Participant: 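Dumping the structure here so I can ask a few things about it.
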Amino acid sequence: MELKNKKLSEESFFQERKEVLTHWVTGKDVDLQEAVDYLKQIPKHKNFALKMRKAKADGITLAQPRAGVALVDEHIKLLQYLQNEGGADLLPNTIDSYTRQNRYQEGQAAIDESMRENRSMLNGFPVVNHGVHNCRKVLDAVELPLQARHGTPDARLLTEIIHAGGWTSNEGGGISYNIPYAKSISLEKTIRHWQYCDRVTGLYEEMGVEINREPFGPLTGTLVPPSMSNAVAIIEGLLAAEQGVKNLTLGYGQCGNLTQDVAAIRALEEQATEYFKEYGYEIDLTTVLHQWMGGFPADEAKSFGVISWGAATAALAGATKVIVKTPHEAMGIPTMEANAQGIRSTKQTLNLLKGQRLSISKDLGMEKELIKAETKCILDKVFELGNGDLAVGAVKAFETGVMDIPFAPSNYNAGKILPARDNNGAVRYLEFGNIPMNKEIKDFNNQLLAERAKLEGREVSFQMVVDDIYAVGKGTLVGRPEIK
Amino acid sequence: MMKTNIVLGVIGADCHAVGNKVLDYAFTQGGFEVINIGVLSAQEDFINAAIETNAAAILVSSLYGHGEMDCRGLREKCEEAGLKDILLYAGGNLVVGKQDFDSVKERFEKMGFDRVYAPGTSPDAGIADLKTDLAEAEEMAHYKQDFKKVS
């Protein structure tokens, strides 16, 4: 089928749906009308879309952890702990990596082994294996809205199951859950799959149930220049809106320089609003900042420093939500106690900064305009490549390296661009690859990195990039050469 | 001198690509010919790449916690495929949760891995170990040859 940025027709959607629901045995339990009736009677405080809208109106930043384990009862225990001891405002269901790759058979084997061994063998909740009734069991056991957070290129069945199960938010997108999460699945395919997911959300909206959608902002989570992630977020937002999504949260991963991070969140919100208006979509728009997604210090006390800095950035930027890291980040999946500590540390910082915003300054204004100008260079070319069709344009943009995400595993990503920090720790483009920035922008990026190279007495090189990747883990933002 | 071939990749359903690209860069700088099969790689992909390139070592990364399940049986499969003395290294966040590293190391050594690395290990440590292990293997090969001549 030809890919187009156009709302899926009822006929083709329901035909596809019949097949999607056969991908695993639990698909047979999804009944759209029954699910709508069920969702209409769940208490309002458990609806994700409503809670996001209220937080924005109240001008507060909500804290949400990541969490998920293999077995239902253990998962409930974990979420209740994060709600009661951590003070989370929103709850996640992080989905395991086998489910993300649609490997439900392997998921089942791991569920069985988790039961035998009495420890979770999975890095998340295998929601497709557990099915609709277990999603509802989880929702019944908590007092907060639930979201699925994953990294699934083909999340069609997962989306059907979670929403029928009462979870009112879904993270992901055709670009953001492909390029950083897959190796050999074409972008054409995943954009099409996510049109399906967005259409499911759109159907619920049309049937009177509000569902929140969140494209995954941080991408590879490693030195992604803000304009590249903002371009992806705006494209995925527009693609979702076309399928009928109304309540949308656009995301960004903290880079570490406060001015740049605040500028990025505000540029994202303002620019997305302009595009939605231009293309005639009415969207309830909110934002999310992800605390530092790169390598963490192994020392737990140092990790709290990184966590709090992310919380402060989210508050000062005015993000509607912040995704929380834990002091076990360097070691992998955290214990529930460590996870709750991350939330408490975040909430303390958010509460201290409640009502405070970083006010506009010359630096902040300039940075915001730079990010918007860079983003526009990318988006203009994407529209041009697609002859006005955003879905086609996005596929072609990745083919030609007009869009390019650093350190992404996908074969469909050019991998020609390189990022590095300037002397103030802001992330700049070191190699532009095929990104169509104008000369002024290129010169400015080059100049900032040349200044850094001069200060460090070395050439601008890949070693600089490697040093930046490990810097936060070692205790600094900029990866300076070691003084011998 | 011919460079030594080594196979590098991230095993299982794991898509963590950043460390993989850094290891590729570091081991190449360290003088090895790196055959990088990338993320989301099955055991068979590692073995096929090792056979095709006559590699001296397989370096397995796992960041997402399923490493224990994904790495089981790799040594046995290598032997079945005729890769008798190939060095097997593993590193990353190999298991779910913060577990005592010594017990993780022991579990992986039992599975037949020659070296097991804790999270946050510098690539330099792996490069140094690989050079030591390869030199030892070479010495052993010479010794075996000499032994044949004598007997």
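Chain letters run A, B, ... following the sequence lines, proteins first and then strands; every chain starts at 1. As the structure is a prediction and not an experimental result, all values here were calculated from the model. Side-chain atoms are counted along with the backbone in the values below, which use heavy atoms only and exclude waters and symmetry mates.
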Participant: What residue in A:V69, A:N411, A:L122, A:I469 has the most heavy-atom pairs under 4.5 Å with chain B?
Facilitator: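 Ranked by heavy-atom pairs under 4.5 Å with chain B, first place is A:L122.
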
Participant: What part of B:Y25 gets closer than 4.5 Å to chain A, counting heavy atoms only: side chain, backbone, both or neither?
Facilitator: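 B:Y25 touches chain A through side-chain heavy atoms alone.
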
Participant: Crowded around A:E117 CD? As in, over 12 foreign heavy atoms under 6.0 Å?
Facilitator: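 Enclosed: over 12 neighbouring heavy atoms sit under 6.0 Å from CD of A:E117.
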
Participant: Tell me if a side-chain donor or acceptor on B:T132 pairs with a main-chain N or O of B:A128 at a distance below 3.5 Å.
Facilitator: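 Yes; at least one donor-acceptor contact below 3.5 Å.
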
Participant: Find the one option among B:Q99, B:M69, B:Q29 whose heavy-atom pairs under 4.5 Å with chain A are most numerous.
Facilitator: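 Ranked by contacts with chain A, first place is B:M69.
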
Participant: Using heavy-atom distances under 4.5 Å, tell me whether A:E113 contacts chain B through its side chain, its backbone, both, or neither.
Facilitator: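 It is the side chain, since no backbone atom gets that close.
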
Participant: If I measure from the heavy atoms of chain A, does B:V39 come under 4.5 Å with its side chain, its backbone, both, or neither?
Facilitator: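 Its backbone and side chain both get close to chain A.
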
Participant: Which bit of B:E68 comes within less than 4.5 Å of chain A, counting heavy atoms only: side chain, backbone, both or neither?
Facilitator: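 Contact with chain A: side chain only.
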
Participant: Using a 4.5 angstrom heavy-atom cutoff, name the option from A:Q101, A:E106, A:K183 with the most pairs to chain B.
Facilitator: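 Of A:Q101, A:E106, A:K183, A:K183 has the most heavy-atom pairs under 4.5 Å with chain B.
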
Participant: Less than 4.5 Å to any heavy atom of chain B: does that hold for the side chain of A:T222, its backbone, both, or neither?
Facilitator: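 The answer is the side chain of A:T222.
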
Participant: Does B:H66 have its ring centroid less than 6.0 Å away from the ring centroid of A:Y98?
Facilitator: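 Yes.
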
Participant: Give a yes-or-no answer on whether the side chains of A:D154 and A:Y177 include a donor-acceptor pair shorter than 3.5 Å.
Facilitator: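 No.
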
Participant: If you count heavy-atom pairs under 4.5 Å between each of A:G221, A:P334, A:A330 and chain B, which one has the most?
Facilitator: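 Among A:G221, A:P334, A:A330, the one with the most close pairs to chain B is A:A330.
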
Participant: What part of A:R119 gets closer than 4.5 Å to chain B, counting heavy atoms only: side chain, backbone, both or neither?
Facilitator: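 Contact with chain B involves the side chain of A:R119 alone.
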
Participant: Taking the basic N atoms (NZ, or NE/NH1/NH2) and the acidic carboxylate oxygens, is any pair closer than 4.0 Å for B:D114 and B:R75?
Facilitator: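 Answer for the salt bridge query: yes.
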
Participant: In terms of heavy-atom proximity below 4.5 Å to chain B, should A:P406 be classed as side chain, backbone, both, or neither?
Facilitator: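 Answer is neither: A:P406 stays 4.5 Å or more from chain B.
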
Participant: Which bit of A:A298 comes within less than 4.5 Å of chain B, counting heavy atoms only: side chain, backbone, both or neither?
Facilitator: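 Contact with chain B: none, neither part.
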
Participant: Side chain of A:T99, backbone of A:N102: donor and acceptor closer than 3.5 Å?
Facilitator: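 No; judged by distance alone, with no hydrogens or angles, the pair does not exist.
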
Participant: For the side chain of A:N413 and the backbone of A:I405, is there at least one donor-acceptor N/O pair under 3.5 Å apart?
Facilitator: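 Confirmed, A:N413 side chain pairs with A:I405 backbone.
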
Participant: Are the side chain of A:N178 and the backbone N or O of A:I185 linked by a donor-acceptor pair below 3.5 Å?
Facilitator: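 Yes, because the side chain of A:N178 sits within donor-acceptor range (under 3.5 Å) of the backbone of A:I185.
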
Participant: Using a strict 4.0 Å threshold on nitrogen-to-oxygen distance, state whether A:R480 and A:D467 make a salt bridge.
Facilitator: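 So A:R480 does not pair with A:D467 through a salt bridge.
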
Participant: So which of B:G19, B:C15, B:G38, B:A26 has the biggest tally of heavy-atom pairs under 4.5 Å with chain A?
Facilitator: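 Top option by heavy-atom pairs under 4.5 Å: B:C15.
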
Participant: Considering only heavy atoms, which portion of A:A408 lies under 4.5 Å from any heavy atom of chain B: side chain, backbone, both, or neither?
Facilitator: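 Backbone only.
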
